[in-house]
Amino acid sequence: MESDNLEFILDHFKNPRNYGTIEDADFSYEEGIPSCGDVIRLDLRIKNNKLDDIKFSGTGCAISQASVSILTESVEGMEVSKVLSFTDNDMLEALGGQVSPIRFKCALLGLTVLKKALIEKKSAP
Ligand code: FES
């Protein structure tokens, strides 16, 4: 991992953006990876089909926590349909493209949880 990318990821791990909960969230969703025990919870507020607010909480390794912090900054204000088309590659690129394949599951946990949350919300009554 190049040092600039490492600094960028470490900064998001130490100073996570959008960390916390939303009291009047439209939807909350939590999921983790059983094999390592890491869990991410997302609180979402959607307005006019856009992701108006997003906050995360949970515990996990540096890559998973930094990734979800970076993800929240990337998708806040985005149309829900665009968020759903945000690819694994987009996420890896947002991380600077330097995460090793062995850590992909960590890097993609937040995006997986976010997509599942939006799909669950769509099918909620
Ligand atoms: Fe669990 Fe990274 S070790 S998400």
Side-chain angles (χ1 to χ4, degrees):
M1 192 177 288
E2 285 173 18
S3 66
D4 278 1
N5 289 329
L6 183 60
E7 288 297 314
F8 173 63
I9 288 172
L10 276 178
D11 179 51
H12 272 270
F13 176 59
K14 288 183 192 154
N15 308 293
R17 322 310 197 257
N18 297 310
Y19 188 86
T21 55
I22 301 173
E23 239 174 64
D24 55 345
D26 289 323
F27 201 69
S28 300
Y29 190 82
E30 184 177 299
E31 193 166 303
I33 300 178
S35 58
C36 64
D38 292 358
V39 172
I40 288 176
R41 172 196 156 114
L42 291 175
D43 287 349
L44 310 175
R45 202 164 49 215
I46 293 166
K47 223 189 240 175
N48 299 328
N49 235 10
K50 286 187 177 164
L51 201 48
D52 187 54
D53 199 4
I54 176 168
K55 295 259 184 298
F56 81 95
S57 52
T59 54
C61 67
I63 301 279
S64 74
Q65 298 298 292
S67 299
V68 70
S69 170
I70 292 163
L71 176 67
T72 60
E73 283 203 321
S74 304
V75 298
E76 192 169 12
M78 200 181 260
E79 279 184 24
V80 170
S81 59
K82 281 205 173 142
V83 178
L84 285 168
S85 60
F86 199 83
T87 65
D88 290 358
N89 259 352
D90 293 334
M91 185 68 238
L92 295 171
E93 268 177 31
L95 285 161
Q98 297 292 325
V99 174
S100 74
I102 203 163
R103 306 305 300 275
F104 280 0
K105 73 170 174 35
C106 311
L108 299 173
L109 176 60
L111 181 60
T112 302
V113 175
L114 176 57
K115 285 189 172 178
K116 284 190 175 177
L118 291 171
I119 289 165
E120 284 264 326
K121 167 137 184 48
K122 263 189 176 175
S123 60

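Ligands are counted one by one from 1 in listed order, and the atoms in each one are counted from 1 as well. Excluded from the calculations below are hydrogen atoms, water molecules and symmetry mates; all remaining heavy atoms, backbone and side chain alike, are included.
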Contact atoms of ligand 1, heavy-atom distance to Cys106 under 4.0 Å: 2 (Fe), 3 (S), 4 (S)

I'd like to check which ligand 1 atoms, numbered from 1 as shown, lie under 4.0 Å from a non-hydrogen atom of Cys36. 1 (Fe), 3 (S), 4 (S)

Does Ile40 belong to the same Ile/Leu/Val/Met/Phe/Trp/Tyr cluster as Ile119, with side-chain heavy atoms less than 4.5 Å apart forming each link? yes

Any link between Val39 and Phe56 through a network of hydrophobic side chains (Ile, Leu, Val, Met, Phe, Trp, Tyr) touching at under 4.5 Å? no

Check: Glu23 main-chain N/O paired with Lys55 side-chain donor or acceptor under 3.5 Å: no

Side chains of Leu71 and Ile54, heavy atoms from C-beta outward: is any pair under 4.5 Å? no

Under 2.8 Å from atom 1 (Fe) of ligand 1, is there an N/O/S atom belonging to Cys61? no

Atom 1 (Fe) of ligand 1 is nearest to which N, O or S atom of Asp38? OD2

Whether His12 and Phe8 hold their rings parallel, tilted or perpendicular, with breakpoints at 30° and 60°: perpendicular

Would you mind telling me if ligand 1 is within reach of the side chain of Ser64, the backbone, both or neither, using heavy atoms under 4.0 Å? side chain

